[in-house]
Structure formats: C-alpha cells, structure tokens
J.: 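Before I ask anything, let me first share the structure, which is written out below as structure tokens.
Letters go in sequence order (proteins before strands), and every chain restarts at 1. This one's a predicted model, so the numbers in the text were calculated from it and none came from an experiment.
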Amino acid sequence: MAGELSIISRSFYSCMDAVSIARELLGTILYTEINPGEITTGRIVETEAYMAPEDLACHARGNKRTSRTETMFARPGTAYVYKCYGIHDLFNLVTAPENVAHAILIRAIEPLKGIDLMATRRKMDRKKVELVNGPGKLTKALGISTLHDGIDLASEFSPIQILKSEKAPNFKIIAGPRVGMSHHTKHCGHYPWRFRISGNRYTSLPKEVRYEW
DNA sequence: ATAATGATTCGCT
DNA sequence: GCGAATCATTATG
C-alpha cells in the first residue's frame with residue numbers, strides 16, 4: 001500500500017497530450033516498494049515528453065513496432081523501462097490511449113522517503129543531489145529496472161506507483177529542449193519538451209530556457 | 001551472425 | 001571538459 005497519498009488513476013494518462021501530462025506530473029510522487037518494506041519515494045522534478053509517430057527522438061518514431069517499443073503502445077499508465085548505453089535503466093510512463101506510442105521520461109526526483117536505502121543502492125552519501133538527479137541515477141536509487149518494463153503503474157498492488165501531491169505555493173515550471181538528442185533527430189531535438197520545477201536543487205541547471213509558466 | 005549505436009554516468013585530466 | 005564503460009536493441013548481410 002502506498003499509504004495516505006492517493007494513486008493517480010489510469011484515466012489521467014490519456015486525458016491530455018504527453019506534453020501536458022509531462023507538466024502535470026511535476027510535483028507528483030514516484031513511489032516504489034521493490035521488496036516488502038523497502039519503500040522509497042521522491043517528488044518528480046524533471047520530465048521529458050516523447051510522442052510517436054512524428055517525434056523523431058521517440059523510440060517508436062514512425063510508429064515503429066519492435067520487441068522493445070511494443071511497451072510504448074500499451075495502455076496508458078504502463079511502465080516503459082529500457083536499458084540505455086548497456087548500463088542504465090531508464091523509467092518512462094506510457095500515456096495516450098492504447099496503440100498510441102507516447103511516453104514521459106522521468107529525469108530527476110527530490111528524495112522524500114527511504115533516503116538511506118537510496119544511498120545504499122547508490123553507494124553514495126545520502127545528502128548529495130547526485131543521488132537522484134539523472135534518469136539512470138534515480139532508477140538505481142529507487143530499485144527500478146528493466147524487470148519492471150510493462151507493469152501497471154495505476155494499480156494499488158504494483159511495486160511502482162505515481163501518487164498525487166499538493167503543489168508548493170511558489171510552484172513554477174520551466175521548459176527547455178530535451179537532452180541527449182542526436183543529429184538524426186533533426187528539428188525534433190529542439191522541441192521544448194523538457195520540463196522542470198523552477199528553482200528545485202535536484203534538477204540540472206538550465207542550458208537554455210524557452211518558456212516559463 | 002555480425003556490427004553500429006545510444007532519452008547516461010563516472011572518473012580522470 | 002573528455003572519453004571509457006557496457007550491452008540490449010536494431011538493422012543488415
């Protein structure tokens with residue numbers, strides 16, 4: 001059980017386009033209980049949207065269906081976890097109705113519960129922002145791996161869940177270009193589809209600010 | 001069957 | 001700042 005905070009329902013993940021959901025997810029809580037009692041939670045502070053078929057930066061660009069991208073076509077609220085550079089497991093939430101391959105990459109969190117466990121998993125001091133300020137870092141800290149690819153995030157029985165949370169009074173979002181775009185993504189690499197909570201120390205510094213809300 | 005590549009991270013200079 | 005680490009996935013032969 002996730003405790004006092006309520007889980008975000010499946011309908012949320014298809015009620016808007018992925019870019020809007022990427023913004024709405026900022027401030028919500030990423031919860032994991034990988035093994036019984038091993039609870040870790042963090043506030044989502046940085047996200048990126050990917051939207052097939054037009055988005056060339058998306059794995060499912062052109063609605064390409066492969067054994068890996070198949071998960072992106074699953075029902076909304078599904079976890080898409082894949083291996084990057086052979087080393088890091090990156091965590092995404094599938095959005096949009098089934099057979100529409102949209103997803104949100106979680107890029108950074110602010111640690112809340114189970115920080116000692118995160119530090120143990122990361123072999124790092126619990127106070128460092130480097131504990132969780134990157135997509136491959138936070139999955140390791142929270143115990144998320146490719147074993148969780150395809151699981152349902154909208155179930156109370158899942159080891160990974162997304163929970164509602166009140167936004168801070170001074171809550172503000174900053175948008176900018178996505179990171180890690182290779183040359184073949186062309187103009188898509190410049191879309192301002194990366195979002196972070198303004199002023200939060202657990203996000204990386206802005207390279208280029210495009211819009212603010 | 002083989003080869004290229006990446007939504008990254010870390011350690012060293 | 002730069003380059004290595006490291007392997008699943010993908011395309012191609």
Side-chain angles (χ1 to χ4, degrees), chain A residues 13 17-19 21-23 25-26 30 42 44-74 78-96 100-109 111 118-151 153 160 162 174-196 202-208 210:
Chain A
Y13 297 105
D17 62 280
V19 169
I21 294 175
R23 288 201 299 265
L25 281 173
L26 291 176
L30 176 53
I44 295 175
V45 297
E46 184 171 340
T47 60
E48 271 180 8
Y50 290 85
M51 291 205 283
E54 301 87 355
D55 179 9
L56 297 180
C58 182
H59 289 159
R61 66 187 84 87
N63 283 335
K64 183 175 58 172
R65 281 182 183 260
T66 65
S67 54
R68 178 176 65 163
T69 66
E70 196 57 37
T71 307
M72 289 189 78
F73 294 88
T78 300
Y80 172 45
V81 187
Y82 75 97
K83 184 82 72 183
C84 184
Y85 291 94
I87 308 172
H88 311 293
D89 295 349
L90 271 51
F91 173 72
N92 303 251
L93 301 90
V94 174
T95 71
V100 178
H102 294 184
I104 317 287
L105 171 69
I106 306 304
R107 292 196 58 89
I109 63 170
M118 295 187 205
T120 301
R121 285 171 174 157
R122 289 274 290 137
K123 299 180 173 57
M124 177 178 286
D125 187 284
R126 54 171 279 144
K127 294 192 171 166
K128 288 182 176 291
V129 295
E130 288 81 9
L131 196 64
V132 286
N133 69 344
K137 299 175 189 177
L138 73 90
T139 54
K140 189 168 183 190
L142 298 188
I144 298 171
S145 75
T146 52
L147 295 173
H148 301 108
D149 182 48
I151 71 168
L153 299 169
I160 308 172
I162 310 295
I174 294 179
R178 293 173 291 181
V179 301
M181 300 292 97
S182 63
H183 61 282
H184 83 275
T185 59
K186 298 179 181 174
H187 59 285
C188 296
H190 302 139
Y191 292 168
W193 287 358
R194 174 190 180 208
F195 304 100
R196 38 198 186 81
Y202 289 92
T203 71
S204 44
L205 289 173
K207 282 178 182 159
E208 189 181 353
R210 292 296 183 81

J.: Flag the pair A/R178 and A/E48 as a salt bridge only when some basic side-chain nitrogen lies within less than 4.0 angstrom of an acidic carboxylate oxygen.
T.: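 Looking at A/E48 together with A/R178, the answer is no, because their closest N to O distance does not fall below 4.0 Å.
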J.: Any N/O pairs under 3.5 Å between the protein and nucleotides 1-6 of chain C? List them or say none.
T.:
from  : atom 1 : to    : atom 2 : distance (Å)
C/dT6 : O2     : A/Y85 : O      : 2.5

J.: Between atom CD in A/E46 and atom C1' in B/dA7, what is the gap in whole Å?
T.: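 Taking CD of A/E46 and C1' of B/dA7, I get 12 Å after rounding.
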J.: Side-chain N or O of A/H59 versus OP1/OP2 of C/dT9: is the shortest distance under 4.0 Å?
T.: no
J.: Whole-Å distance between B/dT9 C1' and A/D89 CG?
T.: 13 Å
J.: Give a yes-or-no answer on whether the side chains of A/T71 and A/D149 include a donor-acceptor pair shorter than 3.5 Å.
T.: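 Indeed, the side chains of A/T71 and A/D149 share at least one donor-acceptor pair under 3.5 Å.
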J.: Where do N or O atoms of nucleotides 10-13 of chain C meet protein N or O atoms at under 3.5 Å, pair by pair?
T.:
from   : atom 1 : to    : atom 2 : distance (Å)
C/dT10 : OP1    : A/T66 : OG1    : 2.1
C/dT10 : OP2    : A/T66 : OG1    : 3.3
C/dT10 : OP2    : A/S67 : OG     : 3.3

J.: To the side chain of A/M181, which of B/dA7, C/dA8, B/dC10 is closest?
T.: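 The listed nucleotide nearest to A/M181's side chain is B/dA7.
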J.: Between A/M51 and A/V19, what is the shortest heavy-atom contact and its length?
T.: CE-CG2, 3.7 Å
J.: Can you list the stems that include DNA chain C, where a stem is three or more consecutive Watson-Crick or G-U pairs with distances under 3.5 Å?
T.: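 Stem segments, range with range: B:1-6 with C:7-12, B:8-12 with C:1-5.
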J.: Which nucleotide in the set C/dA8, B/dA7, B/dC10 lies at the smallest distance from any side-chain heavy atom of A/K83?
T.: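 Among the listed nucleotides, the one closest to the side chain of A/K83 is C/dA8.
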J.: State, to 0.1 Å, how close A/P135 and A/L90 come at their nearest heavy-atom pair, and which atoms those are.
T.: CB-CG, 3.9 Å
